[in-house]
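All remarks here apply to the structure that follows.
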Amino acid sequence: WFHTLQVRRLRVQRGRSNSDPLGGNSFEQDFQWKTGLQFGTANSYLNLEKLGEGAYATVYKGISRINGHLVALKVIRMKTEEGVPFTAIREASLLKGLKHANIVLLHDIIHTRESLTFVFEYVQTDLAQYMTQHPGGLHSYNVRIFMFQLLRGLSYIHGRRILHRDLKPQNLLISYLGELKLADFGLARSKSIPSQTYSSEVVTLWYRPPDVLLGSTDYSTALDIWGAGCIFIEMLQGAPAFPGEADVFEQLQKIWAVLGVPTEESWPGVSELPNYKPEWFLPSEPQQFRTVWKRLAQLPYKTEDLAQRTLMAMPRDRISAQDALQHPYFNTLPPPIMQLRDTVSIFKVPGVRLETEVRDIFSPSRRIKPSLVPLAKCW
Amino acid sequence: MEGPSSRSAGTREGTVCSAGRRGSCEDAETDPARDMKTHFRVCRFIMETGVKLGMRSVPVATACVLYHRFFECVSVRVYEPYLVAMSCVYLAGKVEEQHLRTRDIINVSHRYFNSGSAPLECDKEFWDLRDSVVQCELLILRQLNFHVSFQHPHKYLLHYLLSVRSLVNRHAWSRTPVAETAWALLRDCYHGPMCIRHKPQHIAIAALYLALNSYGVELPVGEREWWQVLCEDVTKADIDAVISDLLQLYDMEAKCI
């Protein structure tokens, strides 16, 4: 399970009762900061429950003592030998400069003698949990608004020459309203003009594009677009697009089974990539996406067209995030959605709201209407 | 802002790594002038350490910018500058993804201050020094509020050099080391806080301008100056300001040796 290697988020079943911010806990009982700290800010938040554990941090749900807002507290483990983990440094320095409705907001950084805590806005769930809760593919309208927000966030960071490098459903946070926010910028980096060789092993295998799997290191924004395409298919289909189980080779084989084995004609330069060994690959011809992923056959052609433009084998052929937002697939959304300021959520546009999913494993018959959770807006 | 732990870390180690280096300036000097000299020497230390550790030029530049940003708002008399410099090198390695080991940084620094002596034993002194470097890294992050990703002039200079080369007579270009000189000038900018006072594009333009002028390489004259074509918002006054700062640094170099 490659996708669980980097962030082992605990599958805590967080019901919809999160709208009760205190969750019945008393303040004193759960207060875990050591007393006697001279840094006031550490006292401003109260830990409520553990949400998950990552490679270098533990994430807690917390509440601000000042305004009562829920927050996510990412407590960085500091190693005495190595100091602050470099992923934490990069995440903080990048997020400080990013203010966008589809990027998770970093409120504050708390320093104490032994620890470092990043205070993020609290978002109720993530796309992986959302898809688990609604198996068998999401409502096609919801896929459209999630995909639009994902591309909107990518377009923003790509415009600032930043790559996310680690897109996967676990890193896309989803609020009650349906707002999608890119999170976990630990592997992200600013992209400088002379494209350097970046370290090769970064993206989770399932969402990793073929050029990177083949050993290319001069990747750019097209890297994130492939990940977005895989997530697009996964949202529609309810199953990962390319679920390779073993190694890079098997992952490539899954991709070739759909796109066909690339040749110098279809992808000039492919034979020079380090891992390109055509004799290892079973011969396979390009397939129509709708025959591989059946849900596409039930939807208008432009859905399949967008999927095809994001999942091109050759990175240069892949559509940019900015162009993808103009794709006819999004024509059915209200036009004002295209003219929003960076920090404004698409749910401010009249008529944009999350549709009720057909399948729900927690409440097969009942679903809380968005109007019942008015607090969700301020988080 | 200043944690008591880090402060003690900063001063405690001052005696370890730089006892022989400080105090060489005359007492009669004014404080700002003396501080400038200290920073100049420490930056030279950063660059030398960087070369010995095999760092690429951008991480070295990042280490220097971290150093200057740190001392932008705190006094050099409160924190031991060489310790801060060691932590800047370490932190720059993390920021630029060229990871360094604290052990290597300490050994190289030890050699810098005690040339010819054996490496430090893995005793209490070594571990204390390492803890100080790690603690000081956190202090820098706090002081800079995690603003540790910088735009450097390097990528702009590369781009400008490629553009200018295509405008210049091929033989004139191969006879004169314009590119090498421009890179050397750029590196030297990092000896002083001028590297954080000017926009990276302006520094790159000024380095190229000075290099071309030094060798008398002429560029074809058009409607606009070549530097206006390459960088839209730069003025002659900006270029002059960078060059003046740079020449001051060379002036100081003479006094520091």
Side-chain angles (χ1 to χ4, degrees), chain A residues 36-42 56 74 76 78-98 106-119 157 160-163 165 185-202 217, chain B residues 1-9 56 58-59 62 66 86-87 90-103 105-106 127-128 130-162 200-201 204:
Chain A
L37 291 175
Q38 52 275 69
F39 305 99
T41 43
Y56 69 93
K74 191 167 185 174
I76 312 294
M78 302 236 267
K79 300 185 197 130
T80 38
E81 322 90 77
E82 283 150 39
V84 187
F86 79 101
T87 40
I89 295 173
R90 282 225 308 270
E91 179 163 32
S93 66
L94 285 176
L95 281 177
K96 285 221 141 209
L98 301 177
L106 177 62
H107 283 305
D108 200 0
I109 297 177
I110 300 170
H111 311 265
T112 67
R113 269 189 72 159
E114 297 89 11
S115 79
L116 194 59
T117 303
F118 295 167
V119 183
I157 62 167
R160 277 156 188 72
R161 307 196 150 272
I162 292 169
L163 308 180
R165 296 206 298 183
F185 280 70
L187 283 175
R189 66 163 293 150
S190 299
K191 180 186 173 243
S192 48
I193 290 175
S195 55
Q196 292 174 354
T197 53
Y198 305 141
S199 45
S200 186
E201 303 289 306
V202 284
T217 50
Chain B
M1 200 66 217
E2 294 148 9
S5 65
S6 327
R7 181 197 299 263
S8 64
R56 298 186 304 266
V58 168
T62 298
L66 287 168
M86 286 164 75
S87 295
Y90 185 47
L91 182 52
K94 289 185 184 179
V95 173
E96 301 294 343
E97 284 186 76
Q98 191 186 3
H99 301 282
L100 301 162
R101 294 191 309 168
T102 36
R103 201 195 153 83
I105 296 173
I106 292 170
W127 298 120
D128 282 352
R130 194 203 59 185
D131 287 351
S132 301
V133 171
V134 169
Q135 279 290 316
C136 187
E137 175 195 47
L138 192 56
L139 177 73
I140 297 167
L141 284 170
R142 265 163 71 175
Q143 183 69 38
L144 271 59
N145 211 350
F146 277 84
H147 287 291
V148 291
S149 307
F150 308 113
Q151 293 275 337
H152 288 296
H154 298 67
K155 60 186 179 189
Y156 297 104
L157 181 57
L158 178 66
H159 175 69
Y160 299 156
L161 274 169
L162 291 173
Q201 294 93 322

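Lettering of chains follows the sequences in order, A, B, ..., and the numbering in each one begins at 1. Keep in mind it's a predicted model, so treat the numbers as computed, not measured. For the numbers below, each heavy atom of this structure counts, side chains included, while hydrogens, waters and symmetry mates do not.
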Pick one of side chain, backbone, both or neither for A:L95, based on which atoms fall under 4.5 Å of a heavy atom in chain B.
neither
For B:E137 and A:V84, indicate whether the former's side chain and the latter's backbone hold a donor-acceptor pair under 3.5 Å.
yes
Is B:H99 in contact with chain A via its backbone, its side chain, both, or neither, using a 4.5 Å heavy-atom distance?
side chain
Closest approach of B:V148 to A:S93 (non-hydrogen atoms, all atoms of both residues)
CG2-CB, 3.7 Å
Quick check: do B:F146 and A:L116 have side-chain heavy atoms less than 4.5 Å from each other?
yes
Provide the closest heavy-atom pair for B:K94 versus A:E82 in the form atom of the first, atom of the second, distance.
NZ-O, 2.6 Å
Rounded at 0.5 Å granularity, tell me how far CD1 in A:I89 sits from CG in B:L138.
9.0 Å
What verdict does the side chain to side chain contact (heavy atoms under 4.5 Å, CB included) test give for A:K96 and B:N145, after you've listed the backbone C-alpha separation in whole Å, the side-chain angles of each residue and the deciding distance to 0.1 Å?
CA-CA 9 Å; A:K96 285 221 141 209; B:N145 211 350; 3.2 Å; yes
When rounded to the nearest 0.5 Å, the distance separating CD of B:Q143 from NE2 of A:H111 is 10.0 Å
Separation between CD of B:Q135 and CE of A:M78, rounded to the nearest 0.5 Å
7.0 Å
